[in-house]
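Have a look at the structure below, then the notes.
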There are 2 protein chains.
Amino acid sequence: MQTYDLIIKKRDGQELEPEEIEFLIEGYVQGKIPEYQMAAMAMAIYFQGMGKEETVTLTRALVNSGETIDLSGIEGIKVDKHSTGGVGDKVSLVLIPLLASLGFKAPKMSGRGLGHTGGTVDKLEGIPGFRTDLGRKEFVDQVNRVGAAMIGQTGNLAPGDKKLYGLRDVTGTVDSIPLIASSIMSKKIAGGAENIILDVKFGKGAFMQEMDKARLLAETMVEIGKGMNRKIRAILSSMDQPLGRAVGNNIEVMEAINCLKREGPEDLREVVISLAQAAFQLENHDASREHAREKIETTWKEGKPWDKFQEIVQAQGGDLPTELPLATEFKFKADSSGFVNELDARLIGRCSVVLGAGRKTKEEEVDHQVGIYLQKKRGDRVEKGEVLASVYARDERVFNQAEPLLQKAWLIQENKTEIGPLIGDTID
Amino acid sequence: MQTYDLIIKKRDGQELEPEEIEFLIEGYVQGKIPEYQMAAMAMAIYFQGMGKEETVTLTRALVNSGETIDLSGIEGIKVDKHSTGGVGDKVSLVLIPLLASLGFKAPKMSGRGLGHTGGTVDKLEGIPGFRTDLGRKEFVDQVNRVGAAMIGQTGNLAPGDKKLYGLRDVTGTVDSIPLIASSIMSKKIAGGAENIILDVKFGKGAFMQEMDKARLLAETMVEIGKGMNRKIRAILSSMDQPLGRAVGNNIEVMEAINCLKREGPEDLREVVISLAQAAFQLENHDASREHAREKIETTWKEGKPWDKFQEIVQAQGGDLPTELPLATEFKFKADSSGFVNELDARLIGRCSVVLGAGRKTKEEEVDHQVGIYLQKKRGDRVEKGEVLASVYARDERVFNQAEPLLQKAWLIQENKTEIGPLIGDTID
């Protein structure tokens, strides 16, 4: 088999056979296939796409390129949640305790990665004493005992994906749905995921801005999951404006806690409930969404998710204070009156990076105390001079750097426009 | 400027600016842009193509990547001919002396390259004593004195093209018309070409099998030439069946000599005349083709091209014998009767390589004495048992290896089918 012939085959729009894809990934990981041939292949895939069979095989080959985590020691129905990421996305902080209090097992491993803010693990590390580096056995034991654990990703998972992603990142071949889908799914599967629920974001602050592309990504991931005999379901959720009102690290943990206490923002709550409903339906395809919702609401009203969160924090050595510290507050005010018709999640995300809440390079630390609290969101009425956002920054200089981004983030108009749905389709 | 952004720009179908293309080629030649980024770019170009402005700039950047040959010491109207190559293509051997005897200056530098047979320079080296390695001054002096010289390519011409071609060759990105056109033209221009006539082949034995693609390649090369202020014209000529009857090295030189003596094959003569007509029209766009043809015919009848060929051979130290040696003759016979409706140039070319007439790797030597003489070509009537080709091979074992290819090369049918035109459009 010659790599050259496989490039030509894909370039000319033909499907690659399973053994051809395995040959490519194995050869690439072993360094037998040079970067330049893989770069040409990735660009050919960008243009020609991949069929269902191809994406499943690619995912399997990426999984097989490294270690796989065995979570068979966890008893019960394990649910693994993944989000394609967005601004103010603190869903896991609420969903994981909820799932555990509903009787599911929720072993949550998260990568750190780069982003507008830290990831779930970074956010949790704002809680004094919270350990995200549990060993494999400790992790399994805690999930069996408490129902959930939230740790950083360990082990050499899907190194083929890591290598390929690194190449795609510098060759303009990231934006390929089959490559994105197989990349995400390979890490999930190598991490031991069985039942999988996906939160695929669409809108300005999402990786996939258009709903159609987000749907295609969700469908592709669901196809891959099924092709690998996993139970899997995806929801599409809007990331046009940030989820909730808090964007940062400590500030998001506090909003998540409010939500766990049923005091939180409605949009965050809706996304969490939709994902929990999906978790129920994984096990029983015909289960009524209403029935699931009833069960979720009852459990939530009984205060169980908030209790479970505290239990998880305690189990992982954390000591939760009443308030997590925040940096100095600066007020960003409206310079006109009207209705907020747009609140650009992407710009708020960039602002968050300017403040220091996210990483620009893998080596950077995130600043837990900085962030943004959105006082006005889409649909809200605002008067000139009212506060649009509280900005928690280290000093005025940084706030001034962030301000031009904030100035473009809100679109305030005389007439109120309609807001699209928060939750799009469910894909299964 | 970031290579990454340029890849995305081209991937998304936008035109690259001149300074962007210069940045790419300079950076690539200097090793600042890695092979994998250039591979992704080449594949993006494969899919998105390039505009006229882009191909011109790319060609200029490739020319500027190395040495350019200054032929300004040659007085008079210089004509440089290039062919995209085919089977039995001995056009230069006839055309160069013809052009010189018509009063043009024909400084011919040829690369060796790989092919079905040796290149022009290899073929000439079958003549005892013939030197193809004249120094720059010797070359210019001979062209001024004799009107023509035929030598091997020297100097570090378009090293950027060499590097890029090497990469395209292993990444499935050779078959891109803008990349092919700029590659060819960069070498021509770096070699000092001013007036350029192009013989772009189409048909089974050509690089561009379809006439439409060949036309597009010709148009692109003509556009590039004009964009670089060269006078340029292309003809399209058929390579469905080999040109002439001889395929090899010595055997092609002898056929070229026959043609120079007006005894040669009609198809070879027609292609040579079309190119010579194009050379006239380069200088005088409105010149009548008929007038040019009359002039060519008169000169040819006077025996001048044959005299000129002998003069060139002598000037370059050659001692032309009456016959050039050939290997042992084996007869390949028809196993049915009818009309030759197809004679597959590609298969004859591959057969020629099996015999040893061409190079498979750059290090190989060509065998001057082997080759094929096609006794029957398209349109010819043949009876079962008649000789289709005389095959000159080193021994019977090699002939036996070549035979299966020959068996597939001729299509003999009861009814004669029409033969397409030998010369397609002229592009200027």
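The chains referred to below are lettered A, B, ... by the order of the sequence lines, with proteins before strands, and numbering in each begins at 1. Note: hydrogens, waters and symmetry copies are ignored here, and every other heavy atom, side chains too, is used.
- Contacts of B:A44 with chain A are made by both backbone and side-chain atoms, with heavy-atom separations under 4.5 Å.
- Atom CZ of A:R11 sits about 3.5 Å away from atom OH of B:Y46, to the nearest 0.5 Å.
- Going from atom CE of B:M43 over to atom OG1 of A:T171 covers 11.5 Å, rounded to the nearest 0.5 Å.
- Counted within 6.0 Å of NZ on A:K162, heavy atoms from surrounding residues, nucleotides or ligands total 12 or fewer; the atom is thus considered open.
- Around NZ of B:K163, the count of heavy atoms belonging to other residues, nucleotides or ligands within 6.0 Å exceeds 12.
- Within 6.0 Å of CD on B:Q2 lie no more than 12 heavy atoms contributed by other residues, nucleotides or ligands.
- Between the A:E35 side chain and the B:E35 main chain, no donor and acceptor come within less than 3.5 Å of each other.
- Contact of B:D5 with chain A is not made at all, since no heavy-atom distance falls under 4.5 Å.
- A 6.0 Å sphere centred on CD of A:E365 holds no more than 12 heavy atoms belonging to other residues, nucleotides or ligands.
- Heavy atoms closer than 4.5 Å to chain B are found in the side chain of A:L167, but not in its backbone.
- Each of B:V170, B:D12, B:T3 has some count of heavy-atom pairs under 4.5 Å with chain A, and the biggest count is that of B:V170.
- Under the 6.0 Å cut-off for aromatic ring centres, B:F47 and A:F47 qualify, their centroids lying closer than that.
- Counting non-hydrogen atoms of neighbouring residues, nucleotides and ligands closer than 6.0 angstrom, the CD atom of A:E53 reaches no more than 12 such neighbours.
- Here the shortest heavy-atom pairing between B:A39 and A:Y36 reads CB-O, 3.2 Å.
- Between the CG atom in A:D175 and the CD1 atom in B:I8 there is a gap of 6.0 Å [rounded to 0.5 Å].
- With chain A as the partner, the residue from B:D169, B:T173, B:L6 showing the most heavy-atom pairs under 4.5 Å is B:D169.
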